[in-house]
Amino acid sequence: MCGIIGFVGREPAAPILLDGLARMEYRGYDSAGVAVRSETKGLQVKKTKGRLKVLSDLIHGGADLEGNLGIGHTRWATHGEPNDINAHPHVSENGRIAIVHNGIIENYLELKEHLQKLGVTFQSETDSEVVAQLLEYHYNECHNMLEAVGRVLRRIEGSYAFGIICADYPNALIAARKDSPLILGYGENGNFIASDVTAIIKYTRDVAYMDDGEIAVLTADSIDVFDDELVPVEKHRSTVDWDVSAAEKGGYPHFMLKEIMEQPEAIRKTVSPRIKNGRVVLDDLHLTEEYVRDISRIFIIACGSSYHVGMVSKYNWEKLMRRPVEVTLASEFRYCDPLVDEKSLVVVISQSGETLDTMAAMREAKRRGGRTLAIVNVVGSSIAREADDVLYTWAGPEIAVATTKAYSTQLVLMDLVGLYLADLLGTVEQSEYDAILTEVQSLPEKMQEMLNRDTEDIQYFASRYFNHDSIFFIGRNLDYAMGMEGSLKLKEISYIHSEAYASGELKHGTISLIEQGTLVVALGTYAPLFDKAMSNVVEVKARGAEVLALTTEDFREKMEKTADATVAVPVTHPVLQPSLGVVPLQLFSYYVALQRGCDIDKPRNLAKSVTVE
Ligand code: AGP
């Protein structure tokens, strides 16, 4: 939530800030703002409600703001409505210090009251402004900006990534981080801070990841990092291997469509390096056979679509491993007094690696002695760095708020991990192991074949159904888990009310909602339960539902006899079928949202990376 960027160097800062914010707008798009410092004009702050485009037009692409030092922000509102005043940067009362913030200052009210008693006047309703005012207060005390930042950090509670500039320091940008991502970028013409590497890869791939409690002082030629006691820290620098085109639309109308189309390649990149000589090889996983045999319980923790991956994996892992697997929403897990102990393997799944609830749940699991394994897409993200083991999905940057390729790569990676652990436990037959492995490798090809097909039928269904107010996704077992993802995709980007139900549960209440013309998306791709799926289709048809069915090619004919419309996907091993089944669901949501004229890549009220509770 919220994207921050900062630049200090030998080039005009404003266009660089706007360009970086454009690549991070998926993090929040309620308002945007920049502060730039120049010798002649001092601190210039421009901020406005609405999309970045409004800000960019206001300052003519940055041309209006002079200066080679600046900070920028794109906001997902938490404290205070999205308006011009609550937009960042926030400026101290004397107008000499400007800050951008991502995170939440939990004790801001108490600090605000304290400062108000001292006579400070606040402009906004935000928690962030308190930091600008507190900085001025401490700077007036010690006349040293680094020291003032240190004093402020000791007083605030909560999560933060800050970019700070001060009129008295014309050549320095200060940054600090705790529990919100912040990256340092070492460029040729200057140095950067950013919430996300995508914001700066156009300028540099040479980065370092700030750790909690660290403060950085950047000039055009140097980056010095200090710990919370202001003792210098040596940072490990690494090279980002994503290229700029990965974060651009490349001719597609939306990032979401581009990312759907990129799935075969993303799966290939995630799977190929991990299969050698017919075996799953997970070099980065440091679990001994002895440890794995001793695992008494497996927990999978995640939010949103990553949680839905966990749901699919629960079915698959229990089948393969014969061990209990509990899937819990991270926001519930952290407060449920979980039964985690030293014999628990706790798998956390997160595309961004920054989701606050997932991070907190992981810390709770560690505190209780569990061993944590993170499945993460963003290299160097907080969850990746704190987990005991990390396996990366190689989906590349995902920009659309609605996840597609990250979901797909998480799914296959979890299948590989399940197979690997089952093999160590000796709970999977060799023939089954080989069959799954062969099919995992053919997924990219089968998916590509689906994507190469004309999507006219899906576009036609979208045009036929886009006006429905409420849509049900029904299925059993893996189809139920996949339906959860189909339903979330639809509701998040098209704003149509939608629910996923386990088909067998319908008759225990929900079927009362089915009436003439209700749209039911019936999922029947899981071969072992196809007949059961058919019975449920018949049941809802009998109550007047219009049924759009999804099945596999070998069951198409049967399904077509009952459903109103049918989409069929290629057959693969049953445990892998959701990897193919989800694609038409993604496309259906995409085209429905397109028909409804929705803002597909940036749906209302949402943000890509949820770094608040
Ligand atoms: C799905 O389209 C959403 N973007 C959302 O549900 C997402 O999966 C969830 O917020 C978890 O994010 P993470 O994988 O980055 O932790």
Side-chain angles (χ1 to χ4, degrees), residues 1-3 24-29 76 179-181 195-196 198 254-257 259-260 263 266 300-313 327-334 347-363 372 374-384 386-387 390-393 395-411 413-414 481-482 484-495 498 500 582 585-590 593 598-613:
M1 317 236 125
C2 301
M24 282 193 297
E25 210 183 359
Y26 64 86
R27 298 181 71 90
Y29 29 87
W76 189 87
D179 291 342
S180 288
S195 300
D196 189 330
T198 51
H254 297 97
F255 278 111
M256 182 178 176
L257 188 58
E259 288 160 7
I260 288 173
Q263 289 180 107
I300 301 177
I301 305 168
C303 303
S305 296
S306 298
Y307 168 76
H308 298 154
V309 169
M311 286 297 296
V312 172
S313 303
V327 196
T328 312
L329 291 164
S331 52
E332 289 297 314
F333 181 92
R334 53 187 296 200
V347 182
V348 294
I349 309 175
S350 176
Q351 182 283 130
S352 61
E354 301 292 347
T355 302
L356 189 81
D357 280 323
T358 310
M359 169 81 127
M362 182 176 82
R363 286 180 179 161
T372 53
I375 304 291
V376 174
N377 192 45
V378 178
V379 175
S381 55
S382 307
I383 291 174
E386 282 194 29
V390 57
L391 293 173
Y392 286 108
T393 49
E398 192 180 61
I399 310 292
V401 165
T403 180
T404 51
K405 61 175 180 170
Y407 170 89
S408 296
T409 51
Q410 288 168 346
L411 215 50
L413 184 50
M414 286 294 281
M482 181 175 74
M484 289 177 159
E485 178 58 9
S487 169
L488 179 66
K489 273 303 71 84
L490 185 78
K491 73 183 114 188
E492 69 182 325
I493 61 167
S494 72
Y495 317 142
S498 152
V582 77
L585 301 182
Q586 296 166 342
L587 287 167
F588 179 64
S589 302
Y590 174 80
C598 297
D599 191 346
I600 293 180
D601 286 338
K602 299 186 193 97
R604 70 185 181 205
N605 305 338
L606 294 177
K608 183 81 181 158
S609 173
V610 185
T611 54
V612 294
E613 189 173 352

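Atoms within a ligand are numbered from 1 in the order they appear, just like the ligands themselves. Everything numeric in this text was worked out from a predicted model, so none of it was measured.
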Per-atom contacts, ligand 1 versus [X] - under 4.0 Å to a heavy atom:
{"X": "Ser350", "answer": "13 (P), 14 (O), 15 (O), 16 (O)"}
{"X": "Ala402", "answer": "2 (O)"}
{"X": "Leu488", "answer": "6 (O)"}
{"X": "Lys489", "answer": "1 (C), 2 (O)"}
{"X": "Val401", "answer": "2 (O), 3 (C), 4 (N)"}
{"X": "Ser306", "answer": "8 (O), 13 (P), 14 (O)"}

Next on the checklist: Taking the side chain as everything from C-beta on, heavy atoms only, tell me whether Thr403 gets closer than 4.5 Å to Glu259.
Outcome noted: no
Item to check | Reference residue Ile301; test side-chain contact (heavy atoms from CB on, under 4.5 Å); the match among Leu329, Val348, Asp357 | outcome: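 Answer after filtering Leu329, Val348, Asp357: Val348.
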Does any donor atom in the side chain of [X] or [Y] lie under 3.5 Å from an acceptor atom in the other side chain?
{"X": "Ser408", "Y": "Gln263", "answer": "yes"}
{"X": "Gln410", "Y": "Thr393", "answer": "no"}
{"X": "Ser382", "Y": "Glu354", "answer": "yes"}

Checklist entry - Between Ser352, Gly353, Pro603, Ala607, which one has a non-hydrogen atom sitting closest to atom 15 (O) of ligand 1? => result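 Result: the heavy atom closest to atom 15 (O) of ligand 1 is in Ser352.
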May I ask you to identify the nearest protein heavy atom to [atom], giving residue, atom name and distance to one decimal place in Å?
{"atom": "atom 10 (O) of ligand 1", "result": "Val610 CG2, 4.0 Å"}
{"atom": "atom 5 (C) of ligand 1", "result": "Ser305 N, 4.1 Å"}
{"atom": "atom 9 (C) of ligand 1", "result": "Cys303 O, 3.6 Å"}
{"atom": "atom 16 (O) of ligand 1", "result": "Thr355 OG1, 2.4 Å"}

[X] contact mode with ligand 1 (heavy-atom cut-off under 4.0 Å):
{"X": "Glu492", "value": "side chain"}
{"X": "Glu354", "value": "neither"}
{"X": "Leu606", "value": "neither"}

Item to check | Heavy-atom closest contact (Tyr392 atom, Gly380 atom, distance) | outcome: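 Heavy atoms of Tyr392 and Gly380 come nearest at OH-N, 3.2 Å.
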Item to check | For Tyr29 against Leu606, the heavy-atom pair lying closest together | outcome: OH-O, 3.1 Å
Checklist entry - Would you say ligand 1 has an N or O under 3.5 Å from any N or O of Thr358? => result no
Checklist entry - Ile349 to ligand 1: N or O pair under 3.5 Å? => result no
I'd like to know if the side chain of [X] and the backbone of [Y] have a donor-acceptor N/O pair within less than 3.5 Å.
{"X": "Lys608", "Y": "Glu25", "value": "no"}
{"X": "Tyr407", "Y": "Val582", "value": "no"}
{"X": "Glu485", "Y": "Val309", "value": "no"}

